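These numbers were taken from a predicted model, which means no experiment stands behind them.
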Amino acid sequence: MHDKDLKEAFVSNLNGTSLGEISLGSVLAPLCLISRGLVLILYFLGKGVYPFSWKVHLFLDFTMVVVPLVLSCTVLSDVLLLVILGLAAIDVSMLFQIYHKRKHTIPVQFHQTLKTFLETRLETKCTPFVTVFRVLVNVKTAISILAVDFAIFPRRYAKTETYGTGVMDFGVGSFILANSLVSPEARQKQASASKFSHVTKQLLSVWPLVVLGMVRLISVKALGYHEHVSEYGVHWNFFFTLAIVRVVASLLLTFFPANKSWIVSLAIGAIYQTTLEMTELKAFILHGSDRTGGFLSANREGVFSVIGYVAIYMAGVQVGLYVMEKRTLVKDWIKAILWLLLASFGLWTLLHVCQSFVEPVSRRMANLSYLLWTMAQSLYFLCCLITADLVLVFSKVLSKCSPVSSSWIIAQETTTQDPNTGTPLDEDKTTKKIDDLCLIQAVNRNQLLFFMLSNVMTGLTNVMLDTVNSSPWFSVCVLVSYMFANCSVIYILHIKKMTLKFW
């Protein structure tokens, strides 16, 4: 078997993993963010020399956020629960140490500290967990698109052939959702001209995605690069999906108000599923063997799955509207978590009913079950990230220390004090300094470039290496090196304050 055929077979005919394992994996990244924040606070309390040099910040963020994500889908995938429990125990011990330091410095009852925490005011300029969600989805995608070609990556995490739930299946849907969370409609940015002018603007703004899609198509065909045809089709790829979903969703939102986008989402999902069940469309997508009958036959998976992804995008706009509502108190965000968890539970229930009486999850068709699963899992992941952020807020309240990048800024009684002299530090300057040295902010500054760079590096790695037959530890070293190279390029651009936009 040729190397191309071997690699195609390696990612074909897979069935995914359980919903529970994917949900469990969603807890890891928030725990890593908590660990990173608590380490910074403890260091600040002990030394007071902060921020570090840019090299130290890059190394710290990479080793505490990115490396665990690489290891969790490779050598540690079979002991993921133990990893999460161990990391949670470490976080609890660090939090207790911060509380212990505060108790000895300023004796205070725990219930009084808890009351102060609940009444703490937060800056409303941004919602940091939305940024973190988008960055983590991008980073996890970058890891997975190369890791899937190595034997160390569990086959159950890869994209499924027809039905099933793999980690990468969720990654595709969450990538669409991540874009919709910060869409102009979700941020309630009023168009300067008519709504159709706004659609025209969106149409023009997606040209980089179309160009990238064409470049990928031409390079794959010219180099004979391995491709899984039943994933999107002969000519289609995810860049085209991103472009079309964005334009179609913008067009829909000129007719329907953004605060009713969840209704539009469910309507699209239900009508599409009904069409799949009552016509020959499902058989055409899944079992049609003729790829020579024209563009639609050649790319049926990519074309028709756009319908499901538009539904996900519309639902994401509704979520974006909700999470970007102005909330100033910690207790208001705790209520928001409870509402998001309730919505997630409702979606999980609907998913169970849909899988039992209609059909299982299928990313290939982007059916109704896939829509429900993507939204349920995404809301759960968002809740985990908000909770992690609130844990860091609690630690800031305890320590009177706020310099943790990509987390909420406390607006009330938040003068960060030098632990050695007790003198107040300039909060705005401190926050800006650490954000200028934060890897998460670096990826956020150039999200599309990071995604494009990851695709290019993945292609180069596959051309140069026999990924399928690589040893486990060599595979891990390659993946870590690949992610470090991607992150380093993006990080250097960030500290140079360079934002590369193509439109």
Could you tabulate the donor-acceptor pairs under 3.5 Å formed by side-chain atoms of residues 332-342, not counting sequence neighbours?
{"residue": "Trp333", "atom": "NE1", "partner": "Arg327", "partner atom": "O", "Å": "3.4"}

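The backbone N or O of Val361 lies less than 3.5 Å from a partner atom in the side chain of Gln355, making a donor-acceptor pair. Within the 3.5 Å criterion, the main-chain N or O of Gly294 finds no donor-acceptor partner in the side chain of Ser297. Within the 3.5 Å criterion, the main-chain N or O of Gly213 finds a donor-acceptor partner in the side chain of Asn237.
A pairwise comparison of heavy atoms in Ile312 and Leu177 identifies O-CD1, 4.0 Å as the closest pair. For Ser305 against Tyr272, the heavy-atom pair with the smallest separation is N-OH, 4.3 Å. Between Ser261 and Met314, the closest heavy-atom pair is OG-O, 3.0 Å. The two residues Ser369 and Glu359 make their nearest non-hydrogen contact at OG-O, 2.7 Å.
Two residues are said to be in side-chain contact when any heavy atoms from C-beta on lie closer than 4.5 Å; Glu301 and Ile285 meet this criterion. Contact of the Tyr232 side chain with the Asn299 side chain is not registered, since no non-hydrogen atoms from C-beta on lie closer than 4.5 Å. Side-chain contact between Phe150 and Pro472 is absent, with no heavy atoms from C-beta onward closer than 4.5 Å.
If you take CD on Gln377 and CG on Leu19, they are separated by 8.0 Å, rounding to the nearest 0.5 Å. Note that the CD atom of Glu185 and the CG atom of Leu253 stand 4.5 Å from one another [nearest 0.5 Å]. For the atom pair CE of Met168 and OG1 of Thr141, the computed distance is 8.0 Å after rounding to the nearest 0.5 Å. Note that the CD atom of Gln188 and the CG atom of Leu321 stand 5.5 Å from one another [nearest 0.5 Å].
Taking the six-membered ring for Trp and the full ring otherwise, Phe451 and Phe175 have centroids separated by under 6.0 Å.
Between Trp236 and Phe240, the ring planes lie perpendicular to each other; the angle is over 60°, past the 30° to 60° tilted range.
Annotation: side-chain contact (heavy atoms from CB on, under 4.5 Å) contacts of Ser471 (sequence neighbours excluded): Phe474.
The side chain to side chain donor-acceptor pair (under 3.5 Å) contacts involving residues 166-179 comprise Thr160-Asp169, Asp169-Arg363, where partners must be two or more places apart or lie in separate chains.
Cation-pi geometry between Arg155 and Phe10 is satisfied (NZ or CZ under 6.0 Å from the ring centre, within 45° of the ring normal).
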